[in-house]
Every structure is written in structure tokens, then in C-alpha cells.
Amino acid sequence: MSLGTDREAAEQETEQGTGVTAVGGDSAKPAAVQIHGAHKSYGANHVLAGIDLTIAPGQVAVILGPSGSGKSTLLRAINHLETLDHGYVSVAGEPIGVRHQGDRLKELSEKAILAQRTRIGFVFQNFNLFPHLTVLDNVAVGPVAAGRLSRAAARERGLELLASVGLEDKADAYPRQLSGGQQQRVAIARALALEPGVILFDEPTSALDPELVGEVLSVIKDLASTGTTLVVVTHEIGFAREVADLVVFLDAGRIVEQGTPAEVLDHPTHPRTKDFLSKVL
Amino acid sequence: MSPTGRTPTTTQQGPQPPTSAAPAAGPGPGAAQRVIPLRRPGRWIITVVVLVVLAQVVHGLVTNPFYQWDRFQYWFFRPVILQGLLVTLEVAAWSAVLGLLGGIVLALMRLSRNPVLQAVSWAYIWLFRSVPLIVVLLFLYNFSALYKSLSLGIPFGPAFLTFGVTTLGTDMVIAIVGLTLNESAYSAEVVRSGILSVDQGQHEAASALGIPRGYQFRRIVFPQALRAIVPSYVNLVIGLIKSTSLVFYVSLLDLFGTAQNLGSTYSGDIVPLLLVATVWYVILTSIVSVVQFYVERHYSRGALRTLPPTPLQKLRGAVRDLPARFREGAFR
């Protein structure tokens, strides 16, 4: 994966962008993902109640929390599938979905947001593969639609990616002919096709039979070792312990605790975290 | 049921005689014995009853002199009838295509986030579903009395181009416009329901990949929506083919109009002439139904794990397996 060059390109773009890079100074690398004061409510329900989070380039961040704690909303806000009421997210120093205008944030055009999303991969709980396209076309459609690669080149690249998730022999199958684990591996290959600097995983193994969880997690582990920044919402504590650089525990729309797996998983300080871990482990 | 499912059993029977093989193959007695399906004598009795009734109906149709099958034969391929058929086909084909395009535009307006577009689309659908087609056609026919000319130019300002309505509106154009206006209203709802049937996750996945809006619609959403659209739309097209008989009232001689006209001249032949028109409509509908089967099959790629066999494949499979089924005693 040529992620290095991609990231450098993203940095160059941010230098022309507005003042966010100033936080770390010009010489420092901007954070891969930075969440600034995120607030979001649905009616009276305060799903995100002020979240600030910084994920460094190459880090694997695992977001834990009970259901309804705002994990998925937070993840979806990173690539602007969910809009925030207050605050914003920046990826590689570039604000996503909004731009600064004076001291206010203005939403970008849909076209600009779609262009930003090509630099952020997203893997869904329910895979959401395109059922009418073959596995190979599922992987190739992103770069072709973005106008980055010709159809032939995208298919060639798609075959390489399918090989990297161990599915090159399924290129001509349709998604519904595959097992859940295989479908999720295709979904990961589809996200990788755009060579994103950050990949977001929304409970990638929650819809899988227990014996299929391993194959998907091992693909994600391989990815982690390539230095791609990953943000993973999951209930797989074992995975978090093994792979995560940063574990974030969310409850009622707030970050209760964050740190290394050893800190958060083995020596939780907050009673809410202790309570949750005692139930999950 | 499926002919392919049966083949392994028959191939196994080839090398080994069934009498000695059955007990030897299994680990214990009875383990490998074939299960003989339940006999269903009631099914045979019902089949015979239905066939007898059908034969009676056909016999009545053929032997009743009222139908005058010799006159039917005389008229069926007359050039004047074929001329009418051509008009029917032309009007139906144009209205079906333009009606679908209009329906897609109206459905997209209805689903857009712009409240004005939504309201206009809703009002159009409401209006044209409420007004009878025959009224729309007669209204258009008398259009030239209401509006003397149509102009292209700045709204409420000067006109650049002006057409006399009478030069634009040939009977054929009036018929196609009328049917299209009506068809669009119905197909808009069919298209809209098809688009809504596509899972929200598909829109999200396409957005997450940054796929531009137009590309999303053409390559991701619409092909999946078509699976739901095709059966309902074919239903509409079949209705449309028969609605074309109304264009007779705007003095266009289609299949029905021709039969009706000839019937008033040759008054003794009115029944065979109506039969001629009916049989042609049945043929058109049948062709559309066959096309529907293959179009549906095309758009079910990926939705089904394996595509169902076409009727031809089924027939070939059944004929191929016939001797084997006899040997197995399926017909005893």
C-alpha cells in the first residue's frame, strides 16, 4: 500500500488550508484525526456531549462503550455521514464537511464533502456491499467513480487488493454468494481501493457468526501493521488489547477514560469503565 | 422438482445394479435405501377434471358459428388491420418510453430535498391520476381552440419562436402526448417505490466511498431499484397497450379503431373483427410478458444466489431426464 505518499499529499493540502495546523506548529505532523468539541443531539437526547479526541498518524484507536453511548455517531461524524451541531472533525489537519469562516463553521458543498470522503475509508457493520455488482466491481467502483483510475486499471488494482484479503478467487462472484466474513473482507478491500489515510470501522464483526470473526480481525491486524491510521468501534476486547495504541471509553456521549490498553483495560480508574469491562470480559 | 437435482441419483445407478447395491452401500440395513415419494391420486383426478372442462371451452369456441372463424381468418392479416396494428405499436412504444422517462424525472423531483419540486411533482401526479385519460385526449384534441399558438421566449416577455398549435398537433402527436402525460403520473409512483426499496445502507456506502451523486444514482441505486420497478412497470405498459384503443376518439385509426370502423361498414363481421383485434392485443401482451421475464432475470443478478432456469432450459432439462424419471417410477 502506498499510504505514505497519500499522507504527504494530504499534508501539503492542509498547509494551504485554514489555521488548524497551527495547533501543532508547522513542523509537527497534524493529527490523523482530531475531534474538536463535538456536540450532537436528537431532540432531547444528547448523543455527543462535547468530545475532544486526538489520534496520531499510524495509531490504532479502539472506541469502546455501552450501546447508546454515541460510539457509532462519533465514528460517522468523522467522515460527515453524521453532521455535528457544534464542533468539527479534522482529518490530517483538514476540517471535514465544514470550513472556517471567521469564527464560524460553514458546511461545504456536497461535492466537496464527497471528495473529502475518498480520503477516509469506512467499513460498515452490515458490509453494505453493492449486491448487483461482482466482488471485483465492488472494489473497483470507488476509484473509477472518483475519476482516479480507468476501469481496467481499477480492476487490476482490485485483484491485488482481493488477493491481500485472501479472496482473489471470488472476484467474479456476487456478494450474496459469499459468507459474512468474506463479505466483510471485500468491504475492507473496497475501502482500501481509494488508498485512504484513515479507515473507520463501525462494529466490523458484530454481524458475523463467531467462527468468522477471526478472519476479519486478522485482516484488520494486518492493516494496523502497515501504519494506516485505524479507528475501530468494537466489542472485541481481546482485539483492542492486542492491536490498539489508544483505547477510548465512551459513556453517555462523553469520553470517560482514554489511554493505552494496559491503562484502560487492565487498570480502569473510572467506576463506569470498571462496570462495563466486568460485564464484557 | 428440479431436473438437475435428480441427475446424481441416475448416474449412480449406471455402474451398479440397484438391487444388490442398496444394502451393500450403506453402513447398516436400510441406510442407503431410496425413499419412494408419496403417491397422490387426488392430483391426477383434479388434473383430469380441469382438462375436460378446458377441452369443452375450446370445443365451444371452435364449433360455435357465432364466432365466424372463416371471417376471422380473412381479416387477421389484412393490410388495413396491420396498418392499425402499426399505429397501436407506434403510439404504445413512444408513450411507454417517454412515460418512463417522465416518471423518473417526476420521481426524482418528488424525492428531492427541494420543497417546490416536491410539491409540483405531487400536484402533477395528483392531477393526472385524477383526470380520465379520455378527457385528457379530448382536451388536447381541442387544444388549438384554447391556445392559438405556443411560443418559446422569456416568460411573460417577448417570444423568439412561435408555433401555430395546429401545425404541431397531428393526431399521432396528440395521442402520444396524452398517453405520456397520463403514463408519467403512474410510472412516477412505480419508480419512486423502486428507489425507496433500495436499502439506506447502499446510499450510505456509496456516499462513504465519495461516489458523486449522478454516478450513485446511475450505477448503484437505479439498477437495484429496477428490480422492483420492472414488474410494476410492465403491468403499466400492458395497461397502456390497451389504453391506446382510446386514441380512436381523437380520430387516430389504431388496431381497435380500424376494427371498429370496418365493423360499421361490414356489419355482419363485427364479432370476428373484434376477435381479430383481441387476438392481436393478446399477442402484444404475450410478447411484453416474455420480454419481462428476461429483463427481470437480468436485473436479479446478484440478488439471488443462483439464477432460475429459463423456460427453455427447464423444458430441455425435463426432456433429458424423462427416461430416468420413468425408470425411477415417478409416473407409476
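For the numbers below, each heavy atom of this structure counts, side chains included, while hydrogens, waters and symmetry mates do not. Proteins get letters first, then strands, A, B, ... in listed order; numbering begins at 1 in each. A quick note: this is a predicted structure, and the numbers were derived from the prediction, not measured.
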Quick check for you: among A/His132, A/Lys111, A/Gln116, A/Arg190, which has the greatest number of heavy-atom pairs under 4.5 Å with chain B?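 Of the options given, most contacts go to A/His132.
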Given the options A/Leu200, A/Val144, A/Asn128, which has more heavy-atom pairs under 4.5 Å with chain B than any of the others?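 Greatest number of close heavy-atom pairs with chain B: A/Asn128.
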Does A/Asp202 pair with A/Lys71 as a salt bridge, N-O distance under 4.0 Å?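 A salt bridge is absent here (no side-chain N lies under 4.0 Å from a carboxylate O).
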Quick one: sort the A/Phe124 and A/Phe122 rings into parallel, tilted or perpendicular, breaks at 30° and 60°.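 If you compare the ring of A/Phe124 with that of A/Phe122, the planes turn out tilted.
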Any chance CZ of B/Arg219 has more than 12 other-residue heavy atoms, nucleotides or ligands included, within less than 6.0 Å?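 12 or below, so no.
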Mark yes when over 12 heavy atoms from residues, nucleotides or ligands other than A/Glu156 sit less than 6.0 Å from its CD; otherwise mark no.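 Counting other residues, nucleotides and ligands, CD of A/Glu156 stays at 12 neighbours or fewer.
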Chain B contact via [X] - which portion, at a heavy-atom distance below 4.5 Å:
| X | answer |
| --- | --- |
| A/Pro131 | both |
| A/Leu129 | backbone |
| A/Asn126 | neither |

By a 4.5 Å heavy-atom criterion (distance strictly below it), what part of B/Arg213 contacts chain A: side chain, backbone, both, or neither?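 Looking at B/Arg213, backbone and side chain both touch chain A.
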Before giving the answer on side chain to side chain contact (heavy atoms under 4.5 Å, CB included), spell out for A/Tyr174 and A/Asp137 the whole-Å C-alpha distance, their side-chain angles and the decisive distance to 0.1 Å. CA-CA 9 Å; A/Tyr174 285 96; A/Asp137 282 335; over 6 Å; no
